*Asks:* 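What follows is a structure written as structure tokens; I'll ask about it next.
Remember, predicted model here, so these are calculated numbers, not experimental data. Reminder, nothing fancy here: chain letters follow the sequence lines and each chain counts from 1.
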Amino acid sequence: MDKVIAILGPTASGKSDAAMQLAEYLNTELISADSAQVYRGMDIGTAKPSIEEQKRVKHHMIDIVDVDESFTVADFQQQAFKTIDSLHNFNMSPIVAGGTGLYINALVYQLDFTQTQSDQDFRDKMDEEIATKGLLYLYEKLQKKDPKAAARIHPNDEKRIIRALEIVEHEGGGERSYDFLVPRADYDFRLFGFNYPRDILYDRINRRVDTMIEKGLIGEVTTLYEKYGDSPMALKAIGYKEIIDYLKSDIDKDEAIRLIKRNSRHFAKRQITWFKRDNRIVWLNPMEKNSLKNLISGIE
RNA sequence: GCCUCGGUAGCUCAGUUGGUAGAGCAAGGGACUGAAAAUCCCUGUGUCGGUGGUUCGAUUCCACUCUGAGGCA
């Protein structure tokens, strides 16, 4: 069966470096599984690989849409598999590397996104209903129309309530499958996780944010903000929304930097939680000398 | 040397007319199926500076002591 190597982990865990080295060793190409790196112009804040790095190893799923375009997991899933299949045709074992848990799961598990597309008009309508009638009203509506979905969603979880209603709206309340997390059997996935001890990871995150500021993050965000305003979802990403608040003079620069660091730490924690539950992942500590060797021996 | 005000959670501090304590920030845990770097849920982590005294009971009152800041000499 065709192999796919996946290297995942929280932000600043060293997974990208490891993936680069492995890709060069195996003479293959990388597929980024990162929901922010898909956007053109979001470079510094997403720690996107440099031009030089991209010359050394070909990266897919980077710079594929503009900031004001919509891009979803389903798009990712479809395009990533297309890339995986074409690399397999060249007898390469692709390396998926990234920290967006949902994107990883969209490859590694049988997640079926083909039924109901996202519907911005419907979502806008729902936002209005929340403003006028309150979120609870929508939740109760969902309880009537799809009790199973409602049972899985917390009454405060606005986005999931809206999405569930969206599905009901388009499929007329048809039964959805809730057999989640069924591993995909048609590819041979090898999963590796990178992580540091928590205090070291946080230290790396803090220092990386300082480096981003030095590299010109504020300039990057200013350009995007002037071009697109503050409404595109992509600009709600960590490192972007905080700088935008600073540009609007809502907070000062030090506060923006503090918040980027804190939000990145919180994000890393969520990523760790996400990956923890997949017991197929082989965890590697980048501080150990043999971690790359262990990685290589794990894919034979 | 004397006087004043402090010492309580990782940090900044509140509080208990005596019944072993709580806010903000920071932090920890969890969920996740077409916005996912999004969205949402749960959790207070503490010899209340130290030692003695009064008391049924002291973080709270008293004494001494250590320590920080300021003031007067």
Side-chain angles (χ1 to χ4, degrees), chain A residues 10-12 32-39 42 44-48 65 67-80 98-120 122-124 126-127 130 135 139 146 148-149 151-167 169-171 176-182 184 198-199 201-202 205-206 208-209 212 221 231-244 255 258-278:
Chain A
T11 182
S32 158
D34 186 306
S35 65
Q37 290 186 356
V38 298
Y39 294 103
M42 290 172 62
I44 298 169
T46 63
K48 203 176 277 176
V65 284
V67 162
D68 57 350
E69 289 181 85
S70 95
F71 186 84
T72 69
V73 212
D75 300 321
F76 174 81
Q77 188 188 45
Q78 204 184 0
Q79 293 183 40
T100 302
L102 182 61
Y103 284 16
I104 298 276
N105 280 9
L107 303 180
V108 159
Y109 292 100
Q110 296 178 32
L111 305 192
D112 181 12
F113 298 109
T114 54
Q115 302 159 39
T116 300
Q117 302 202 343
S118 70
D119 178 344
Q120 196 53 50
F122 181 81
R123 290 178 182 188
D124 291 345
M126 290 300 106
D127 284 341
I130 289 169
L135 183 58
Y139 185 69
D146 188 346
K148 258 182 165 172
R152 294 179 48 252
I153 298 171
H154 191 278
N156 288 346
D157 200 340
E158 193 175 306
K159 301 215 166 170
R160 291 200 171 78
I161 292 170
I162 293 177
R163 159 99 277 238
L165 287 169
E166 188 175 72
I167 290 167
E169 176 83 6
H170 286 261
E171 295 175 25
R176 293 180 74 204
S177 166
Y178 291 108
D179 295 332
F180 287 174
L181 302 184
V182 178
R184 238 189 134 95
R198 191 67 62 94
D199 53 341
L201 182 70
Y202 282 5
I205 289 172
N206 292 156
R208 194 160 80 162
V209 172
M212 285 176 179
V221 180
S231 54
M233 199 55 204
L235 297 181
K236 304 282 193 284
I238 297 165
Y240 293 83
K241 58 173 178 244
E242 298 87 351
I243 298 292
I244 287 174
E255 178 67 359
R258 188 187 72 83
L259 288 173
I260 293 171
K261 289 176 179 172
R262 188 206 51 190
N263 292 339
S264 299
R265 293 193 299 268
H266 289 176
F267 173 49
K269 202 159 78 67
R270 270 180 275 134
Q271 290 176 302
I272 292 166
T273 299
W274 181 288
F275 294 126
K276 243 188 227 171
R277 79 173 152 179
D278 194 328

*Asks:* Between B/C41, B/A35, B/G28, which nucleotide has the shortest distance from any of its atoms to the side chain of A/Ser118?
*Replies:* B/A35
*Asks:* Does the B/A38 base have a donor-acceptor partner in the side chain of A/Arg160 within less than 3.5 Å?
*Replies:* yes
*Asks:* Given B/C40, is OP1 or OP2 found less than 4.0 Å from the side-chain N or O atoms of A/Asn156?
*Replies:* no
*Asks:* Which sits closer to the 5' end of RNA chain B, A/Phe113 or A/Met233, going by the nucleotide each is nearest to?
*Replies:* A/Phe113
*Asks:* Taking for each residue the nucleotide of RNA chain B bearing the nearest heavy atom, is the 5' side occupied by A/Lys236 or by A/Arg123?
*Replies:* A/Arg123
*Asks:* Would you mind pulling out the nucleotide paired to B/C64, Watson-Crick or G-U wobble, both distances under 3.5 Å?
*Replies:* B/G50
*Asks:* Applying side chain to side chain donor-acceptor pair (under 3.5 Å), run through A/Arg208 and A/Thr11 and close with a yes or a no.
*Replies:* CA-CA 10 Å; A/Arg208 194 160 80 162; A/Thr11 182; 2.5 Å; yes
*Asks:* Is a donor-acceptor contact shorter than 3.5 angstrom present between the side chain of A/Arg262 and the base of B/A27?
*Replies:* no
*Asks:* Establish, with yes or no, whether the OP1 or OP2 oxygen of B/G28 is under 4.0 angstrom from a side-chain nitrogen or oxygen of A/Arg270.
*Replies:* no
*Asks:* Respond yes when some side-chain nitrogen or oxygen of A/His154 is under 4.0 Å from OP1 or OP2 of B/G30, and no when none is.
*Replies:* no
*Asks:* Between A/Thr273 and B/G30, is there a contact of a side-chain N or O with OP1 or OP2 at under 4.0 Å?
*Replies:* yes
*Asks:* Sort out the partner of B/U39 for me: Watson-Crick or G-U wobble, both distances under 3.5 Å, none otherwise.
*Replies:* B/A31
*Asks:* Both distances below 3.5 Å, Watson-Crick or wobble geometry, any strand: find the nucleotide opposite B/C56.
*Replies:* B/G19
*Asks:* What does B/G44 pair with, Watson-Crick or G-U, if both distances are under 3.5 Å?
*Replies:* none
*Asks:* Does a side-chain N or O from A/Tyr202 land closer than 4.0 Å to OP1 or OP2 of B/G28, or not?
*Replies:* yes
*Asks:* Which base sits across from B/A69 as a Watson-Crick or G-U pair, both distances under 3.5 Å?
*Replies:* B/U4
